[in-house]
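Remember, predicted model here, so these are calculated numbers, not experimental data. We name chains A, B, ... by the order of the sequence lines, and we start the count at 1 in each one.
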2 protein chains.
Amino acid sequence: MSPQPPLSTERRVLDAAKVCCERWGIEKVTIDDIASEAGVSRATLYRMFPGGKDVLFDALRLQEIEDFFTRLLAHLEGVDDLEELLTRTVVSATHELRNDQHLAVMLASEPGDTLGQLTVDGLPRIIRVATLFIVPLVDPFLPRPESARLVELLARLVISYFLAPSDHVDFADADSARLFIRTFIIPAFAASLIRS
Amino acid sequence: MSPQPPLSTERRVLDAAKVCCERWGIEKVTIDDIASEAGVSRATLYRMFPGGKDVLFDALRLQEIEDFFTRLLAHLEGVDDLEELLTRTVVSATHELRNDQHLAVMLASEPGDTLGQLTVDGLPRIIRVATLFIVPLVDPFLPRPESARLVELLARLVISYFLAPSDHVDFADADSARLFIRTFIIPAFAASLIRS
DNA sequence: GACACTAAGACGAAATCTGTCTCAGTGTCA
DNA sequence: TGACACTGAGACAGATTTCGTCTTAGTGTC
């Protein structure tokens, strides 16, 4: 967002935590690993995240989610067609998820039971945040209750097709995604469409 | 070599150790990790490798080296031309090294100072083993002291160009390697060549 | 039944990690 | 100058993990 040349200490620590996770896996990372990777003393780290690893990883998850949607929004700029907007949304989101194995874990929660978290505990949070970010973009096309329902539906579908890819639909492929959206999504909301 | 359908326990353990190393990095792997990855009890592991991790990793290094040269030899079968033999040797070896980051570590020794080991402690061992495996293939073309010298020279060059790639020579590229060998290696040993 | 091999896990010792704390050094602001 | 906020370094005790050895019991083979 803002241009912080020296990069905030907190950001450095969280980035270091991410690097460590990617290198060793979340269950093998220690506070010391993160501190020295960030070039920061352990004391600073505890001052910044009282509660230790749990709090730190919570913050990291939060940052990951924000980064995720920030990147996503960048791919949606200037789109003024609902079908195109939704298509790009699912395609970009799917690409992000597939490219960053680590991201999927972070969006969810603890390791080991990644899938469990992604589908049980993690889902509501992701849907909530997705709504927060994406609904405003859909608002021009749909009245509020409908846009929220649409975004939730899409979020669920993206995650479902990510976890269990289908032979018939590939959300990573723009054409396939567009066809899906044109066929199943748009018609369902056609009645509410705001004709501008 | 021999067809062992159930795969020996020792092999299973070493393979498990390799898997664990690739997943977590050598410094984060515990005996327990390896044991459970191999589906073997810790006691068995200690019986098999008295001395623990050190002995186990020594054995792993040995296996890696043997596998390395076994794969290498497979690429050299039936070659009856010295230039072609040497070319394939450096190309295959270079590919193996580049494709398997883990292999380079194993061929050397402890992690952290991989390069230090690869160039200081590791080099003599690799050269020794390389000689053991490759010299017999060169024997038909050169008298013994020359063939040993040739193999040692090649081993040093492969490792050097692997560690510090050059703009002028690419041992991963067959044409480039062949040109290099034709220009710099063969002539140096031309006088000793056994004309069959 | 003797034998070789194994899994499971108890055990104490050693090593590592955690979380809190103190102390000293730095830069900022008034 | 002094109050203030922030930091690195590291001591410290306690929790946790890991290590290496050991015992016990189970299995298959001869």
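- Within the structure, a side-chain polar atom (N or O) of B/Thr44 is placed less than 4.0 Å from OP1 or OP2 of C/dA7.
- Sorted by first and then second residue, the salt bridge (Lys or Arg N to Asp or Glu O under 4.0 Å) pairs with a member in residues 150-163 of chain B read B/Glu152-B/Arg156; sequence neighbours excluded.
- Between A/Leu45 atom CG and D/dA9 atom P the separation is 13 Å, expressed in whole Å.
- Residues passing the salt bridge (charged side-chain N to carboxylate O under 4.0 Å, His left out) test with A/Asp67 are A/Arg11, sequence neighbours excluded.
- Pairs of residues two or more places apart, or lying in two chains, that qualify as salt bridge (Lys or Arg N to Asp or Glu O under 4.0 Å) and include a residue from residues 135-145 of chain A are A/Asp139-A/Arg144.
- Nucleotide C/dT22 holds its P atom 12 Å from the CZ atom of A/Arg47, rounded to whole Å.
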inquiry  = Can you build the contact string for nucleotides 14-20 of chain C? Use B for base contact, S for sugar-phosphate-only contact, and - for no protein heavy atom under 4.0 Å.
reply    = ---SBBB
May I have the list of side-chain donor-acceptor pairs in residues 42-51 of chain B shorter than 3.5 Å, sequence neighbours left out?
unit_1  : atom_1 : unit_2  : atom_2 : d
B/Arg42 : NE     : B/Asp32 : OD1    : 3.2
B/Thr44 : OG1    : B/Ser41 : OG     : 3.3

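- In this structure, the salt bridge (charged side-chain N to carboxylate O under 4.0 Å, His left out) partners of A/Lys28, at least two apart in sequence or on a different chain, are B/Asp33.
- The salt bridge (Lys or Arg N to Asp or Glu O under 4.0 Å) pairs that include a residue from residues 161-173 of chain A are A/Arg98-A/Asp170, where partners are two or more places apart or lie in different chains.
- Between the CZ atom of A/Arg12 and the P atom of D/dC6 there is a distance of 15 Å, rounded to whole Å.
- Residues B/Ile134 and B/Leu154 fail the side-chain proximity criterion, which asks for heavy atoms closer than 4.5 Å.
- Residues A/Leu56 and A/Leu14 meet the side-chain proximity criterion, which asks for heavy atoms closer than 4.5 Å.
- Computed from coordinates, the A/Phe49 CZ to D/dT7 P distance equals 11 Å when rounded to whole Å.
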Do any N or O atoms of the protein come closer than 3.5 Å to N or O atoms of nucleotides 25-27 of chain D, and which pairs are they?
none

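- Listed by chain and residue number, B/Phe69 satisfy the ring-ring contact (aromatic ring centres under 6.0 Å, His included) test with B/Phe133 (two or more places apart in sequence, or in another chain).
- Not counting sequence neighbours, the partners of A/Glu84 by the salt bridge (charged side-chain N to carboxylate O under 4.0 Å, His left out) test are A/Arg88, A/Arg178.
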ask   = Reading DNA chain D 5' to 3', what string of ( ), [ ], | and . shows its pairs, if Watson-Crick and G-U wobble pairs count only when both distances fall under 3.5 Å?
value = ||||||||||||||||||||||||||||||
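- For A/Arg128, there are no salt bridge (charged side-chain N to carboxylate O under 4.0 Å, His left out) partners two or more places apart in sequence or in a different chain.
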